[in-house]
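Encoded as structure tokens, the structure appears first; notes follow it.
In what follows, every chain begins at residue 1, and chains take the letters A, B, ... in the order their sequences are listed.
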2 protein chains.
Amino acid sequence: MNVKTASVLPLGGLETGPRERGRDEEIYRSLYTAIVEHHLAPGARLPEDALAESFGISRTGIRKVLQRLAHERLIELAPNRGATVAQPSVQEAREVFAARRIVECAALTEIGREPPPVAALDELKRIVAAETDAQARGDKREAIHLSGLFHLRVLALADNRPLSDFLGQLVSRTSLVIAMYGTPLAAGCNRCRHEQLIELLAAGDTAAAARWMDEHLREIEAGCAFAESEPQATDLKRIFAEIAKRPRSEV
Amino acid sequence: MNVKTASVLPLGGLETGPRERGRDEEIYRSLYTAIVEHHLAPGARLPEDALAESFGISRTGIRKVLQRLAHERLIELAPNRGATVAQPSVQEAREVFAARRIVECAALTEIGREPPPVAALDELKRIVAAETDAQARGDKREAIHLSGLFHLRVLALADNRPLSDFLGQLVSRTSLVIAMYGTPLAAGCNRCRHEQLIELLAAGDTAAAARWMDEHLREIEAGCAFAESEPQATDLKRIFAEIAKRPRSEV
DNA sequence: AGGCTTGAGTTTGTATACAAAAGCCTTTAG
DNA sequence: CTAAAGGCTTTTGTATACAAACTCAAGCCT
């Protein structure tokens, strides 16, 4: 989609800007990934200077990205205090799950009674397969990512952009909630489950699909141990260097 | 809520910054109001220079506000082209209505079976009364504003912050849709309708309330004539001067 | 005569500089 | 030895300057 030039340059790049457009989109992507994949723990401070240096641009560019993340509630922006990775409270966590139940279930009952196109179902099957594979390899991060992607692609069946964007936010925040309150075993039981939903969708039984989704989300929520967590120090440069060199699973 | 100092200063203020916090919140509010109350037509250009001069701050502060509005999809931010008031396409308009149906109806069925607290119902009645009054005076802008507020306060019964924020965005965008496609008579039939919903809520009949809401939103959508509209030139300074001196209805 | 190119003027993109606020550490007095 | 106060450092807030990109229009070439 974007240019994806060879911007893995020495990171201490001499020239001020490689002039490729979508540079800040790339920076946003890096920070986003770092947060939802738990490379940055909730509560971690994000000083503008450090970020600017890490990405080789000035604070001006960083602030734009930070404000976008703040609007998506992935970070918190306190006046004169700067940015920190958001730490959703227990109440916020429950509200995120409640919102997901409402949106995802309602959208599922709204989609037409006839089964979705086979191409869409095939894509869902591919995601589940990749999810199975990731779990077999013990790659927890990829598994969480693919689980979120599955929910997103299911909602895409409703063909409603505002709703899809909103669920994207909720899925991201769910990732934060799991970072704070999630138990390791909670993410494990998704595999078989997601396959069940595909079957219900293929059969065109939207009512059953909605009921299934409600139960599924309640199980995930129940798998969280809502207790407090503590912040931890992080070194930003190492984290982003690792993210940059990782292969990217298609969005 | 915020300090609300006497910041109606001569507008050509000599000192660089009055130092009151919430200054850009106030600027955001002005722009937001100008857009949703149709003082700024869809497609109107919003040059940073002109806005900066109008509000007496530099472009830096304006850009922050502009990015927030862009994220809420009230304006569109084209690279190297600047900001314009969003012009939702017909498809986007329909998606906004569809999203509202899904969210508002589902939230209504989710709220507890017992009737809401009397204080909440009283507030809704007050809003409807103000709405009736505004329509009697022929104050179309206030009527639209109060109609949106009514929907927002109804959803507040679900007590879910993410959902409320999302509906806030959808209501704003509905205002834009009406600016582009709305027929003058469409907004007129809301009065009696809103009273009906209060009765259903008071009776605790959430299923009927959800059905009512679905039909209500479909009627509003049906009241729109989905055809094209043309941009128009605007003088920013006069618009914001008028908004600043207008009395503000709460929230 | 029409389309393409080139130029000025305008608007946005980005960096940097400076000022204000918050945090932290030292120092001092009780 | 503790606690409060003061300055010092770090970090953010804001403006401004300069560079790049786009718009629009006039002129030139085909």
Problem set entry | Verdict with supporting geometry, Thr60(B) and Thr60(A), side-chain contact (heavy atoms from CB on, under 4.5 Å) | CA-CA 9 Å; Thr60(B) 310; Thr60(A) 311; over 6 Å; no
For this session: Establish, from distance only, whether the side-chain atoms of Tyr28(B) and Glu72(B) form a donor-acceptor pair under 3.5 Å.
Result: yes
Exercise. Between Glu92(B) (side chain) and Ser89(B) (backbone), is there a donor-acceptor pair under 3.5 Å?
Worked result: yes
For this session: Take the angle between the ring planes of His71(B) and His71(A) and call it parallel below 30°, perpendicular above 60°, tilted in between.
Result: tilted
For this session: Find the distance Glu48(B):CD to dT11(C):P and express it as a whole number of Å.
Result: 11 Å
Seminar exercise, completed: Considering only heavy side-chain atoms of Ser58(B), the closest of dA15(D), dA15(C), dA22(C) is dA15(D)
Problem set entry | Whole-Å distance separating the CG atom of Asn80(B) from the P atom of dA21(D) | 7 Å
For this session: Between dT12(C), dA22(C), dT11(D), spot the one nearest the side chain of Arg45(A), thanks.
Result: dT11(D)
For this session: Strictly below 4.0 Å, heavy-atom distances to any atom of DNA chain D: list the hits from residues 59-68 of chain A, or just say none.
Result: Arg59(A), Arg63(A)
Exercise. CZ of Arg23(A) versus C1' of dA20(D): gap in Å, rounded?
Worked result: 17 Å
For this session: May I have the distance from Glu25(A) (atom CD) to dG13(C) (atom C1'), rounded to whole angstrom?
Result: 16 Å
Exercise. CG of Asp49(A) versus P of dG13(D): gap in Å, rounded?
Worked result: 12 Å
Problem set entry | Check: Arg59(A) side chain, Glu48(A) main-chain N or O, donor-acceptor pair, under 3.5 Å | no
For this session: May I have the distance from Glu76(B) (atom CD) to dT12(C) (atom P), rounded to whole angstrom?
Result: 15 Å
Exercise. Between the side chain of Arg173(A) and the main-chain N/O of Ala93(A), is any donor-acceptor distance below 3.5 Å?
Worked result: no
Exercise. Can you check the Glu53(B) CD to dT11(C) P distance for me, whole Å?
Worked result: 11 Å
Exercise. Distance under 6.0 Å and angle within 45° of the ring axis: does Arg94(A) meet both against Phe97(A)?
Worked result: no
For this session: Map Ala83(B) and Pro79(A) onto DNA chain C by nearest heavy atom, then report which one ends up closer to the 5' terminus.
Result: Ala83(B)
Exercise. Rounding to a whole Å, what distance do you find between Arg81(B):CZ and dT10(C):C1'?
Worked result: 13 Å
